[in-house]
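Below, chain A is the first sequence line, B the second, and so on; all start at residue 1. Heavy atoms only: backbone and side chains are in, while hydrogens, waters and symmetry mates are out.
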Number of protein chains: 2
Amino acid sequence: MVPMARAATTSDVFNAIAEPQRRQILVLLRAGERPVTELAQELGMTQPGASKHLRVLREVGLVRDRKAGKQRLYGLDARGLRPVHEWTGGFERFWNESFDRLDAYVQDLKQTRQEE
Amino acid sequence: MVPMARAATTSDVFNAIAEPQRRQILVLLRAGERPVTELAQELGMTQPGASKHLRVLREVGLVRDRKAGKQRLYGLDARGLRPVHEWTGGFERFWNESFDRLDAYVQDLKQTRQEE
DNA sequence: TTGACGTATGCCGATATCGGCATACGATGG
DNA sequence: CCATCGTATGCCGATATCGGCATACGTCAA
């Protein structure tokens, strides 16, 4: 039996956006297509570093590239973010409720302390 | 200079939900509080495995625990998911637009091929 | 073809991650 | 106090990740 370091899909959208720098890249790309060098410079990272992050983003489909002369322009394809948005949205009704629950929880704690 | 394996916060909410099993745990907890053993059994994982995932979820604040006699009940605190929902929501208007852009992109490809 | 520019890839070291297992910890009941 | 149940932690091996660096690749211009 061969141990795995990460279950199932080691490279899905959730994983891709777990990296802060990759999220920054996506944000920048909302303004339009950009070459790698420009992205790297704006984010204060090396060109190879930016290329690697873009590779991950491309493999999960969040980014696409097209040749523009000598350059290669990267553009946003945000459709892959929709499942993440919807998944988190499934917890929307708990955002308010959990405040109440937390209050109840705190009340329980107080009461427990008094009983001791 | 000490190299880092992951930039900045190695344990934020984005990272916590990057793990499929941890997402499953959160989904299960929507039905209410549960002890570790029950979660482990329902998800087909070992008890130590479940405990470790719950620890990560607790450290990022997505889950809280309270003692209930001999047991320890884990409950959902979904407030931390809100930033993720909002961040992805920032790309909402690109979900439809990217369809168009993709079409334009495909058109460009066809045209490029014809020109060659 | 050769050179220059833009970009991708390969290798490395340090570290983080995950599953599996054994075992320690903690609380309850007898 | 002692045993038992529920849970957490520690250690291990395999692998993934990230940054830095050098360098290969590809394209255009002269």
So for B/K67 and D/dG6, does any side-chain atom that can act as donor or acceptor lie under 3.5 Å from a complementary atom in the base?
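Per atom types, no contact qualifies.
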
Between atom [atom1] in [X] and atom [atom2] in [N], what is the gap in whole Å?
{"X": "B/I25", "N": "C/dC18", "atom1": "CD1", "atom2": "C1'", "answer": "13 Å"}
{"X": "B/Q24", "N": "C/dC18", "atom1": "CD", "atom2": "P", "answer": "14 Å"}
{"X": "B/D65", "N": "C/dG26", "atom1": "CG", "atom2": "P", "answer": "15 Å"}
{"X": "B/Q41", "N": "D/dT7", "atom1": "CD", "atom2": "P", "answer": "12 Å"}
{"X": "B/R22", "N": "C/dT17", "atom1": "CZ", "atom2": "C1'", "answer": "9 Å"}
{"X": "B/L43", "N": "C/dC18", "atom1": "CG", "atom2": "P", "answer": "15 Å"}
{"X": "B/L54", "N": "C/dG19", "atom1": "CG", "atom2": "P", "answer": "12 Å"}
{"X": "B/R66", "N": "D/dT7", "atom1": "CZ", "atom2": "C1'", "answer": "16 Å"}

Side-chain heavy-atom pair [X], [Y] within 4.5 angstrom cut-off:
{"X": "A/L26", "Y": "A/L76", "result": "yes"}
{"X": "B/F14", "Y": "A/F14", "result": "no"}
{"X": "A/L29", "Y": "A/L39", "result": "yes"}

At what angle, to 10 degrees, do the two end axes of the helix from C/dT1-D/dA30 to C/dG30-D/dC1 meet, given five pairs define each axis?
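Taking the rotation axis at each end, their angle is 10°.
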
Applying side chain to side chain donor-acceptor pair (under 3.5 Å), can you list everything that pairs with [X], at least two apart in sequence or on another chain?
{"X": "A/E42", "result": "A/R34"}
{"X": "A/E59", "result": "none"}
{"X": "B/R72", "result": "B/D65"}

Using the side-chain heavy atoms of B/P48, tell me which of these nucleotides is nearest: D/dT17, C/dC11, D/dT9.
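Taking heavy atoms from C-beta onward, the closest nucleotide is D/dT9.
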
Let's see if you can work this out: which of C/dT9, D/dC18, C/dT17 has an atom nearest to the side-chain heavy atoms of A/E19?
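Ranking C/dT9, D/dC18, C/dT17 by closest atom to the A/E19 side chain puts D/dC18 first.
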
Throw together a table of side-chain donor-acceptor distances under 3.5 angstrom for residues 43-56 of chain B, partners on residues two or more places apart or in other chains.
from, atom 1, to, atom 2, distance (Å)
B/T46, OG1, B/G49, N, 3.1
B/Q47, NE2, B/S51, OG, 3.2
B/H53, ND1, B/R22, NH1, 3.2

With nearest nucleotides of DNA chain D determined for A/K52 and A/A68 from heavy-atom distances, which residue corresponds to the more 5′ nucleotide?
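On the 5' side of the pair lies A/K52.
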
Starting at the 5' end of DNA chain D, which residue's closest nucleotide do you reach first, A/M45 or A/G69?
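Nearest-nucleotide comparison on DNA chain D picks A/M45.
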
Encode nucleotides 1-7 of chain C as B, S and - characters from 5' to 3', where the letter depends on protein heavy atoms closer than 4.0 Å: B to the base, S only to sugar-phosphate, - to neither.
----BSB

Are any of B/H53's side-chain N or O atoms less than 4.0 Å away from OP1 or OP2 of C/dT17?
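No.
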
So, OP1 or OP2 of C/dT9: does either fall under 4.0 Å of a side-chain N or O from A/R55?
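For A/R55, the contact criterion (side-chain N or O under 4.0 Å from OP1 or OP2 of C/dT9) is met.
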
Pair B/I25, B/Y74 - check side-chain contact (heavy atoms from CB on, under 4.5 Å), show working.
CA-CA 10 Å; B/I25 288 178; B/Y74 279 89; over 6 Å; no

Step by step, work out the salt bridge (charged side-chain N to carboxylate O under 4.0 Å, His left out) result for A/R82 and B/E92.
CA-CA 7 Å; A/R82 188 168 185 170; B/E92 196 162 11; over 6 Å; no

Close aromatic pair by centroid cut-off 6.0 Å: B/W95 and A/H85
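Yes, close enough.
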
